[in-house]
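What follows is a set of notes on a single structure, which appears directly below.
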Amino acid sequence: MLYITKSVTFSASHRLYNPEFSDEENERIFDKCNNFYGHGHNYTLEVTVAGEPNPKTGYIIDLKILKKIIQDEILSKVDHKHLNHDVEFLKGIIPTVENLAIAFWNRLENNFQDGKLHCIRLYETENSYVEYFGKKRD
Ligand code: NI
């Protein structure tokens with residue numbers, strides 16, 4: 001089995017806020033990300049597909065096709081948007097990097113004819129990221 005990864009970047013704003021918490025709790029728990037009008041992050045998204053190279057092309061998946069799937073399903077919806085307000089598939093979730101990774105996985109998972117979605121790695125800063133391998137490994 002081989003693993004091939006496409007890396008893309010996007011910028012978006014968010015606010016981390018749970019209405020079940022008091023204002024003080026929200027501020028303590030979510031800190032800068034609780035800013036009332038939101039604030040921005042430059043995200044890096046890495047999408048890894050697993051498979052064997054097709055004997056005729058040598059590809060697990062054509063990277064142009066992988067890029068188009070990521071563009072159509074994720075980037076066109078989230079880039080330069082407010083994740084709490086502008087993105088239909090994120091409605092009702094707290095847009096932490098963890099919850100975003102799960103939501104992105106769910107959007108991408110069924111789009112692959114060649115290879116199989118293996119991992120989503122999502123960086124919220126250069127120094128912190130989450131990895132998600134889908135429900136199967138929970
Ligand atoms: Ni934040």
Side-chain angles (χ1 to χ4, degrees):
M1 185 79 79
L2 288 85
Y3 303 90
I4 189 159
T5 300
K6 187 82 193 166
S7 179
V8 298
T9 59
F10 65 94
S11 301
S13 53
H14 73 170
R15 184 186 187 212
L16 303 185
Y17 171 80
N18 186 334
E20 293 174 19
F21 299 154
S22 67
D23 288 349
E24 292 72 24
E25 282 176 306
N26 271 298
E27 192 174 339
R28 180 173 56 77
I29 293 166
F30 296 123
D31 197 39
K32 287 182 210 160
C33 293
N34 183 237
N35 186 50
F36 186 78
Y37 292 110
H39 78 155
H41 290 281
N42 295 318
Y43 292 90
T44 297
L45 170 63
E46 296 177 359
V47 178
T48 300
V49 174
E52 297 293 341
N54 179 308
K56 291 189 176 147
T57 63
Y59 290 162
I60 300 167
I61 181 173
D62 185 331
L63 283 173
K64 293 190 297 296
I65 292 172
L66 179 53
K67 189 176 178 186
K68 183 170 176 3
I69 292 169
I70 299 168
Q71 174 65 36
D72 291 352
E73 295 296 325
I74 309 291
L75 298 182
S76 67
K77 315 284 189 219
V78 301
D79 192 24
H80 289 83
K81 296 291 168 64
H82 195 305
L83 300 176
N84 299 69
H85 302 294
D86 293 323
V87 185
E88 200 56 45
F89 72 88
L90 299 176
K91 284 273 155 68
I93 70 162
I94 301 171
T96 58
V97 69
E98 293 91 333
N99 283 338
L100 293 175
I102 294 169
F104 291 176
W105 175 283
N106 291 338
R107 273 194 81 79
L108 291 172
E109 189 181 13
N110 295 320
N111 284 281
F112 298 97
Q113 291 185 330
D114 300 320
K116 196 170 184 312
L117 185 58
H118 173 69
C119 176
I120 282 184
R121 182 185 282 190
L122 183 62
Y123 290 77
E124 191 173 69
T125 72
E126 281 179 15
N127 302 316
S128 49
Y129 62 84
V130 67
E131 287 178 310
Y132 186 51
F133 296 91
K135 275 192 176 156
K136 59 188 179 291
R137 295 196 194 176
D138 283 355

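Atoms within each ligand, like the ligands themselves, are counted from 1 in listed order. Heavy-atom basis, side chains included; hydrogens, waters and symmetry copies ignored.
At a threshold of 4.5 Å between non-hydrogen side-chain atoms, the residues Asn18 and Phe30 count as touching. Side-chain contact between Lys77 and Arg107 is present, with heavy atoms from C-beta onward closer than 4.5 Å.
Between Phe10 and Tyr43, the two ring planes are parallel [angle under 30°; tilted spans 30° to 60°].
Not a single donor-acceptor pair under 3.5 Å links the side chain of Asn106 to the backbone N or O of Ala103.
Protein N/O/S atoms nearer than 2.8 Å to the Ni ion (ligand 1) total 4.
Listed here is the closest heavy atom pair of Leu75 and Thr9: CD2-O, 4.1 Å.
Each of Lys81, His82, His85, His41 was evaluated against His14; a single residue qualifies, His41, per the side-chain hydrogen bond (donor to acceptor under 3.5 Å, both in side chains) test.
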